[in-house]
Amino acid sequence: MHAVTSVDHAPDDRALLDEIERYYDAAPRSAADAEDFGPLTLFVRRGDTGWQYYARPTLGHDGPAATAEDVRGVLERQRELGAPEAFEWVAEQNPELRAAVEAAGLTVHEHPLLVLGPQDEPAPAPGLPERVEVRVVGADAPELADAVAVPHVAFGNPGTATGSAGAAELAEIAAKLTVDGGVARIARRLTDGVTVLAAALDGTEVLCAGQHNPVGPVTEVVGVGTLPSARRRGLGLAVTAALVAHARANGVRTVFLSASDEDVARIYRRAGFRPFATALIAEP
């Protein structure tokens, strides 16, 4: 049996949980349509490119909690759409959902959720290796394709250890994302202001990149990834610091993220984030 450690949240943290829950409901709506399944909501991407979304608890639902039958109903619709059979939610916000998704045959993975709330101060930006600079990348920047591609290379080679994947793998993924429309999609989101992209560059070579996706006063840092050949140089921390600085400079008061595991969470704690809750992802 899996269990999430119970956290007694102070009133301010309870309000943060509610704020993040509203964000999770709002953020997908810029690129997806919401389908109502009672206690669950399925976000379905518009068109045939872009992120494939997930199902999650319905915001403000005050009826009976989701059952395994409810979960199976959503799974059937996901299969019909060819969408991932995936559910995401915050354990402390909807603790009862885990039993339902496990009864429906899914496996639940736990990820640390960390936050910089309105009263939390980010850590000072770390020093950078010689010749490396971090900057926000615009929709027409020449390095856009590589900045979009870097996290794909990073997450295809998981972990924090230095690896061999580098420029050649980056060029291959960047070309693929250019052809299939992935780069153009991010360019549109940058233009629309729903995504901000920052990258660490050595000259013209992109080594690390990540994004934040603001909705009003809240944003989530996502997809921070470093080329395996450039790891262990503090680049992920520097990109995260740049994203936080950009968010705060543009009126965002709450910045949060979920880490893949505790090793990665330790890096984000060095940026000033504090452990706050547990993000759960359920998949077959």
**Message:** Does the plane of the ring in W51 sit parallel, tilted or perpendicular to the ring in Y53? Use 30° and 60° as the thresholds.
**Reply:**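 Ring orientation, 0 to 90° scale: perpendicular.
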**Prompt:** H246 vs H212 aromatic rings, parallel, tilted or perpendicular, using cut-offs 30° and 60°?
**Reply:**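 The arrangement is tilted - the two ring planes meet at 30° to 60°.
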Treating [X] as the side-chain partner and [Y] as the backbone partner, does any N or O pair qualify as donor plus acceptor under 3.5 Å?
{"X": "T58", "Y": "H61", "answer": "no"}
{"X": "D18", "Y": "A15", "answer": "no"}
{"X": "Q78", "Y": "A86", "answer": "yes"}
{"X": "D192", "Y": "V194", "answer": "no"}
{"X": "D261", "Y": "V264", "answer": "yes"}
{"X": "W89", "Y": "I281", "answer": "no"}
{"X": "T219", "Y": "N213", "answer": "yes"}

Hydrophobic cluster identity match, [X] and [Y], side-chain contacts under 4.5 Å:
{"X": "L81", "Y": "L75", "value": "yes"}
{"X": "V244", "Y": "V218", "value": "no"}
{"X": "L42", "Y": "L97", "value": "yes"}
{"X": "V252", "Y": "Y23", "value": "no"}
{"X": "V137", "Y": "L170", "value": "yes"}

**Request:** List the steps and the verdict of side-chain contact (heavy atoms from CB on, under 4.5 Å) for V196 and Q211.
**Result:** CA-CA 5 Å; V196 176; Q211 304 172 15; over 6 Å; no
**Request:** Look at atom CD of E35 and say whether more than 12 heavy atoms of other residues, nucleotides or ligands are closer to it than 6.0 Å.
**Result:**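 Atom CD in E35 is packed in, count exceeds 12.
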**Request:** Return yes when atom CD of E69 has more than 12 non-hydrogen atoms of other residues, nucleotides or ligands closer than 6.0 Å, and no otherwise.
**Result:**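 Check fails, neighbour count at 12 or below.
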With side chains defined as the heavy atoms from C-beta onward, is the minimum distance between [X] and [Y] less than 4.5 Å?
{"X": "V132", "Y": "L201", "result": "no"}
{"X": "L280", "Y": "F87", "result": "no"}
{"X": "L257", "Y": "L113", "result": "no"}
{"X": "V74", "Y": "D70", "result": "no"}
{"X": "Y54", "Y": "P28", "result": "yes"}
{"X": "R135", "Y": "E143", "result": "yes"}

Heavy atoms only: give me the nearest [X]-[Y] pair and the separation to one decimal.
{"X": "A209", "Y": "A147", "result": "CB-O, 3.2 Å"}
{"X": "A27", "Y": "S30", "result": "O-OG, 3.3 Å"}
{"X": "V134", "Y": "A200", "result": "CG2-CB, 3.9 Å"}
{"X": "G82", "Y": "Q52", "result": "O-NE2, 3.8 Å"}
{"X": "V150", "Y": "C208", "result": "CG1-CA, 3.8 Å"}
{"X": "P129", "Y": "L235", "result": "CD-CD2, 4.0 Å"}

Once you round to the nearest 0.5 Å, how far does [atom1] of [X] lie from [atom2] of [Y]?
{"X": "R98", "Y": "L106", "atom1": "CZ", "atom2": "CG", "value": "11.5 Å"}
{"X": "I186", "Y": "L177", "atom1": "CD1", "atom2": "CG", "value": "9.0 Å"}
{"X": "L207", "Y": "T226", "atom1": "CG", "atom2": "OG1", "value": "8.0 Å"}
{"X": "L227", "Y": "D202", "atom1": "CG", "atom2": "CG", "value": "11.0 Å"}
{"X": "R77", "Y": "L40", "atom1": "CZ", "atom2": "CG", "value": "14.5 Å"}
{"X": "F43", "Y": "E88", "atom1": "CZ", "atom2": "CD", "value": "10.5 Å"}

**Request:** Just do the side-chain contact (heavy atoms from CB on, under 4.5 Å) check on T107 and E283 with the steps written out, would you?
**Result:** CA-CA 5 Å; T107 299; E283 301 170 314; over 6 Å; no
For the residue pair [X] and [Y], confirm or rule out a side-chain donor-acceptor distance under 3.5 Å.
{"X": "T278", "Y": "E110", "result": "no"}
{"X": "S258", "Y": "H111", "result": "no"}
{"X": "R14", "Y": "Q93", "result": "yes"}
{"X": "D263", "Y": "T160", "result": "no"}

Pair [X] + [Y], salt bridge at N-O below 4.0 Å:
{"X": "R79", "Y": "E76", "value": "no"}
{"X": "E205", "Y": "R131", "value": "no"}
{"X": "R56", "Y": "D25", "value": "no"}
{"X": "R274", "Y": "D13", "value": "yes"}
{"X": "E121", "Y": "R248", "value": "no"}

**Message:** Show, in sequence, the C-alpha distance, side-chain angles and deciding distance for L144 and L197, and conclude whether the side-chain contact (heavy atoms from CB on, under 4.5 Å) test is met.
**Reply:** CA-CA 9 Å; L144 177 62; L197 175 63; 3.6 Å; yes
**Request:** Sequence neighbours left out, what passes side-chain contact (heavy atoms from CB on, under 4.5 Å) with A165? Give chain and number order.
**Result:**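 side-chain contact (heavy atoms from CB on, under 4.5 Å) check on A165 returns V153, N157, E169, P228.
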**Request:** From the options V115, L116, L237, V224, select the one residue that forms a side chain to side chain contact (heavy atoms under 4.5 Å, CB included) with Y268.
**Result:**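 Exactly one candidate clears the test, V224.
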**Asked** When the ring centroid of F256 is compared with that of F273, is the distance short of 6.0 Å?
**Response**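 No; F273 has its ring centre 6.0 Å or more from that of F256.
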**Message:** With salt bridge (Lys or Arg N to Asp or Glu O under 4.0 Å) as the rule and sequence neighbours excluded, what pairs involving residues 174-189 come up?
**Reply:**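 Only K176-D180 qualify under salt bridge (Lys or Arg N to Asp or Glu O under 4.0 Å).
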**Message:** Does E92 form a side-chain contact (heavy atoms from CB on, under 4.5 Å) with F276? I'd like the steps, not just the answer.
**Reply:** CA-CA 10 Å; E92 290 78 0; F276 181 67; over 6 Å; no
**All pairs passing side-chain hydrogen bond (donor to acceptor under 3.5 Å, both in side chains) where residues 231-242 contributes a residue, at least two apart** =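 Every candidate side-chain hydrogen bond (donor to acceptor under 3.5 Å, both in side chains) pair involving residues 231-242 fails, so no pair, neighbours aside, qualifies.
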